[in-house]
Amino acid sequence: MSEEVKSLNFIEHIIEEDLRSGYEMSQLRFRFPPEPNGYLHIGHASSICLNFGLGLKYNAPVNLRFDDTNPAKEEKEYVDAIKSDVAWLGYEWDTECYASDYFQQLYDWAMELIKDGKAYVDSQTSEQIASQKGTPTEPGSHSPYRDRSVEENLRLFEGMKNGDFKEGEHVLRAKINMASSNMLMRDPVMYRILHKAHHRTNTDWCIYPMYDWTHGESDYIEQISHSLCTLEFLPHRELYDWFLDQLVSAEKLRPKQREFARRNLSHTVVSKRKLLQLVESGVVAGWDDPRMPTISGLRRRGYTPESIKNFADTIGIAKRENVVDVSLLEFHAREHLNKIAPRVMAVLSPLKVVITNYEEGKEEWLDAENNPEDESAGYRKVPFSKELYIEQEDFREDANRKFFRLKLGGEVRLKNGYIIQANSCTKDNKGNVIEVQCTYDPLSKSGSGTEESLRKVKGTLHWVSIPHAITAEVRLYDRLFTDETPDGHKDKDFMEFVNPDSLEKVTGYLEPSLKDAQVGEQFQFQRMGYFNVDKDSTKEKMVFNRTVTLKDTWAKLEQKE
RNA sequence: UGGCCUAUGGUGUAAUUGGCAACACUACUGAUUUUGGUUCAGUCAUUCUAGGUUCGAGUCCUAGUAGGCCAACCA
């Protein structure tokens with residue numbers, strides 16, 4: 001038993017240090033705080049796995065909190081999708097929370113800040129406020145409204161809340177420091193007027209708190225010990241702490257914000273805005289298009305929760321810029337699917353093979369192993385007959401000895417079936433091979449134990465019996481973007497790198513055992529890749545998605561030539 | 001150019017906090033294989049640069065360099 005010491009990431013180091021210096025294990029509490037303005041993507045998966053993983057590790061509760069402070073962008077549809085994605089990944093949240101549940105508390109605290117002279121109502125336009133912000137190298141200047149009396153501020157803020165003003169007429173600002181080197185500390189806006197219905201509070205409120213005045217306070221209300229977010233929020237930490245300083249009480253736990261680098265995936269984009277653009281421009285069919293890096297897209301594509309979690313686990317958490325290669329995600333898909341996906345045979349690019357010495361009209365049902373990685377998966381029957389399909393690329397009239405497939409005069413084994421030899425072929429008037437005539441060795445049947453059946457032939461092909469085959473639409477996916485970092489170019493828009501060939505639809509010929517496959521069910525089409533049944537399937541026509549190909553060393557060999 | 005963050009194989013992450021640079025992926029060898037899959041074995045590093053402290057530096061110090069973030073009534 002080699003007890004493998006799992007190395008800690010820097011967040012875990014921080015927590016371990018906190019535990020050593022006074023935190024009780026029972027005080028630990030985390031949260032995953034998405035804004036319901038889009039679907040969750042693979043980048044969120046890292047954050048989900050981090051927070052919920054920490055919860056599991058320390059036996060601490062993890063809240064699912066919707067950061068719903070901007071009714072202009074948020075919808076219930078997104079709330080529902082986010083919940084189902086987190087649940088699908090296999091995590092259970094302790095409490096389902098909404099920042100909107102805290103609107104009253106936040107308002108009350110804001111009133112306190114005004115009374116303390118720490119906040120004021122500014123009646124300038126957003127342009128005026130922006131122009132007074134200064135620049136990173138020059139300090140800002142004070143608003144003419146900065147020194148309004150407490151009474152006037154109170155009266156105006158209540159007026160804002162009561163709907164006495166139009167959008168943009170006033171905002172509430174924290175009175176901090178217009179000369180701070182941190183732009184966020186230059187009297188940040190805490191509230192703005194928005195006469196928009198909110199998906200939960202409807203028209204109860206027409207002032208909405210800003211992110212900075214919501215997040216830390218929500219963490220405090222929920223008594224989150226470690227509030228983990230991405231690196232771009234690092235400058236917000238000073239503000240996060242300033243707001244907390246105004247209201248934290250000594251007997252309660254004070255949350256800390258810590259930041260980690262967002263994970264970027266090669267050959268894709270991971271930004272809700274850009275994903276939305278892909279959806280709205282029609283480049284993809286929706287948020288759950290199998291080419292999308294969204295959780296729902298990956299699920300539909302055939303990724304398992306295990307593969308996504310293992311992926312998140314191996315890429316880890318750190319603070320530096322990164323672009324993780326998609327091949328690592330694909331590796332985890334193959335690794336898990338290899339263990340669980342039943343093997344079947346399907347031909348996606350058919351070439352007819354006729355077994356000339358096989359009796360016309362005869363059929364045999366052969367035994368086929370469902371999964372060599374899992375003995376308990378058992379066996380099924382596949383039909384064999386005189387006329388079969390093999391893959392076009394598995395036959396060549398003539399080829400060198402590195403080609404382990406069918407060629408004229410050569411032998412090959414049909415998986416789970418017989419050894420056949422190609423004798424001749426016929427072509428259409430363009431010179432394309434349209435049929436191969438073969439003979440089979442009746443004594444070479446797989447599993448029969450005869451001397452002939454044990455004979456080694458170099459190649460083994462998958463195949464399907466033409467009269468028994470069922471057809472289905474098979475969707476083959478390629479990377480959505482041709483460039484490794486589509487949004488990493490200053491002079492070019494990421495949309496310029498959209499791969500026009502990211503989806504190819506073909507008709508597949510499948511062994512008949514597949515006819516009862518259910519939506520979402522996963523299979524390995526032997527030698528072709530992993531596939532699952534798409535939700536677009538109907539009784540008349542099944543639809544399969546290719547999740548990922550198998551590793552293909554032959555294709556690489558060929559490419560080199 | 002003000003402030004802040006980061007820098008370890010092609011990629012991502014480690015290194016018991018100053019003690020033999022490790023793990024995974026990719027790529028490439030080879031073995032096994034009724035999937036050119038799987039499995040197994042192997043190969044791939046001047047730890048951004050230059051100095052310094054130390055018996056000893058990826059780790060500490062100094063100075064550079066490169067990349068990133070910050071001026072929404074978005075989150």
Side-chain angles (χ1 to χ4, degrees), chain A residues 4-9 13 33-35 37 67-70 72-74 122 125-126 129-131 133-140 167-173 180-184 186 189-194 207-208 210-212 214-215 229 231-238 259 261 263 266 272-273 310-311 313-325 327-332 334-335 338-339 343 345 369 372-373 402-405 413-417 419 446-447 453-454 456-462 524-529 549-558:
Chain A
E4 196 174 311
V5 185
K6 193 125 189 322
S7 60
L8 304 180
N9 63 46
H13 279 294
E35 182 189 13
N37 67 341
D67 225 332
D68 55 349
T69 58
N70 184 1
K73 287 186 177 175
E74 297 153 6
D122 198 335
T125 63
S126 62
I129 291 175
S131 70
K133 269 261 153 89
T135 68
T137 50
E138 302 158 44
E167 289 188 12
E169 245 179 290
H170 306 285
V171 290
L172 184 72
R173 290 228 259 169
S180 172
S181 59
N182 183 349
M183 301 292 292
L184 289 156
R186 324 247 262 223
V189 172
M190 294 171 67
Y191 277 95
R192 77 288 211 185
I193 299 169
L194 246 31
I207 55 170
Y208 290 93
M210 300 289 289
Y211 167 83
D212 289 296
T214 306
H215 206 93
C229 61
L231 229 36
E232 64 266 30
F233 289 97
L234 203 154
H236 293 249
R237 184 149 119 197
E238 192 180 356
E259 310 81 11
R263 320 313 296 182
S266 73
K272 280 190 205 166
R273 204 199 88 235
N310 289 340
F311 170 72
D313 208 45
T314 42
I315 61 178
I317 289 294
K319 292 180 84 165
R320 60 169 163 163
E321 298 293 310
N322 60 82
V323 182
V324 183
D325 203 294
S327 62
L328 186 57
L329 181 61
E330 292 171 345
F331 163 78
H332 284 287
R334 291 190 188 103
E335 182 188 49
N338 177 48
K339 293 200 189 84
R343 272 59 169 171
M345 294 196 288
E369 189 177 23
E373 304 294 314
K402 280 199 283 188
F403 185 76
F404 305 158
R405 303 178 182 192
R413 171 170 293 279
L414 295 177
K415 180 79 184 170
N416 306 312
I419 294 173
S446 289
S453 74
L454 297 174
K456 300 280 179 202
V457 287
K458 194 60 188 171
T460 302
L461 306 185
H462 65 280
Q524 184 195 97
F525 290 3
Q526 289 199 27
R527 303 207 306 134
M528 301 304 287
T549 61
L550 260 28
K551 274 175 72 175
D552 192 349
T553 33
W554 166 243
K556 279 180 203 154
L557 261 177
E558 278 244 292

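Chain identifiers are assigned alphabetically (A, B, ...) following the order of the sequence lines, protein sequences preceding nucleic acid strands; residue numbering begins at 1 within each chain.
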Do the side chain of R192(A) and the main chain of E167(A) share a donor and acceptor less than 3.5 angstrom apart? no
Does the K402(A) side chain pair with the main chain of L557(A), one donor and one acceptor, at a distance under 3.5 Å? no
Establish whether the base of [N] is bridged to the side chain of [X] by a donor-acceptor pair shorter than 3.5 Å.
{"X": "R405(A)", "N": "G36(B)", "result": "yes"}
{"X": "H332(A)", "N": "A24(B)", "result": "no"}
{"X": "R334(A)", "N": "U38(B)", "result": "no"}
{"X": "E373(A)", "N": "G37(B)", "result": "yes"}
{"X": "T460(A)", "N": "U35(B)", "result": "no"}
{"X": "R527(A)", "N": "U35(B)", "result": "no"}
{"X": "E369(A)", "N": "U34(B)", "result": "no"}

Could you check whether any side-chain heavy atom of [X] comes within less than 4.5 Å of a side-chain heavy atom of [Y], counting everything from C-beta outward?
{"X": "Y211(A)", "Y": "E35(A)", "answer": "no"}
{"X": "H215(A)", "Y": "F233(A)", "answer": "no"}
{"X": "N70(A)", "Y": "L194(A)", "answer": "yes"}
{"X": "M183(A)", "Y": "P235(A)", "answer": "no"}

Contact class for [X] vs. all strands (heavy atom < 4.0 Å): base, sugar-phosphate, or nothing?
{"X": "T125(A)", "value": "base"}
{"X": "K272(A)", "value": "nothing"}
{"X": "D552(A)", "value": "sugar-phosphate"}
{"X": "N37(A)", "value": "nothing"}
{"X": "M210(A)", "value": "sugar-phosphate"}
{"X": "Q524(A)", "value": "base"}
{"X": "L461(A)", "value": "nothing"}
{"X": "G140(A)", "value": "nothing"}
{"X": "F233(A)", "value": "base"}
{"X": "F331(A)", "value": "sugar-phosphate"}
{"X": "V189(A)", "value": "sugar-phosphate"}
{"X": "F525(A)", "value": "nothing"}
{"X": "S446(A)", "value": "base"}
{"X": "V323(A)", "value": "sugar-phosphate"}

Round to a whole Å and report the spacing from [atom1] of [X] to [atom2] of [N].
{"X": "M528(A)", "N": "G37(B)", "atom1": "CE", "atom2": "C1'", "value": "13 Å"}
{"X": "E321(A)", "N": "U11(B)", "atom1": "CD", "atom2": "C1'", "value": "15 Å"}
{"X": "H462(A)", "N": "U35(B)", "atom1": "NE2", "atom2": "P", "value": "13 Å"}
{"X": "E238(A)", "N": "C4(B)", "atom1": "CD", "atom2": "C1'", "value": "10 Å"}
{"X": "D325(A)", "N": "G12(B)", "atom1": "CG", "atom2": "C1'", "value": "10 Å"}
{"X": "N338(A)", "N": "C40(B)", "atom1": "CG", "atom2": "P", "value": "11 Å"}
{"X": "K319(A)", "N": "C4(B)", "atom1": "NZ", "atom2": "P", "value": "13 Å"}
{"X": "N310(A)", "N": "U13(B)", "atom1": "CG", "atom2": "P", "value": "18 Å"}

[atom1]-based separation of [M] from [N] [nearest Å]:
{"N": "A27(B)", "M": "G37(B)", "atom1": "P", "result": "11 Å"}
{"N": "U59(B)", "M": "U49(B)", "atom1": "P", "result": "10 Å"}
{"N": "G52(B)", "M": "G56(B)", "atom1": "P", "result": "12 Å"}
{"N": "U34(B)", "M": "C20(B)", "atom1": "C1'", "result": "46 Å"}

Out of I207(A), I129(A), I193(A), which one pairs with V171(A) under the side-chain contact (heavy atoms from CB on, under 4.5 Å) rule? I129(A)
Nucleotide nearest [X] (side chain, heavy atoms from C-beta), chosen from [options]:
{"X": "D67(A)", "options": "G12(B), A27(B), A75(B)", "result": "A75(B)"}
{"X": "Q526(A)", "options": "U35(B), A72(B), C25(B)", "result": "U35(B)"}
{"X": "L550(A)", "options": "G12(B), U35(B), A75(B)", "result": "U35(B)"}

Within the structure, does a side-chain N or O atom of [X] lie under 4.0 Å from either OP1 or OP2 of [N]?
{"X": "R192(A)", "N": "A75(B)", "answer": "yes"}
{"X": "S453(A)", "N": "U34(B)", "answer": "no"}
{"X": "T553(A)", "N": "G37(B)", "answer": "yes"}

Evaluate the side chain to side chain donor-acceptor pair (under 3.5 Å) criterion for residues N182(A) and S180(A): first the C-alpha distance (whole Å), next the side-chain angles of each, then the deciding distance (0.1 Å), finally the verdict. CA-CA 5 Å; N182(A) 183 349; S180(A) 172; 5.5 Å; no
Can you tell me if Y211(A) is stacked onto the base of A75(B), using a 5.5 Å centroid cut-off and an angle below 30°? no
For G447(A) and H215(A), find the nucleotide of RNA chain B closest to each by heavy atoms; which residue's nucleotide sits nearer the 5' end? G447(A)
On RNA chain B, nearest-nucleotide positions of R263(A) versus P136(A): which is more 5'? P136(A)
Taking syn as a glycosidic torsion within 90° of 0 and anything else as anti, which one is U29(B)? anti
Please determine which of Q526(A), R343(A), K415(A), R527(A) meets the side-chain hydrogen bond (donor to acceptor under 3.5 Å, both in side chains) test together with H462(A). R527(A)
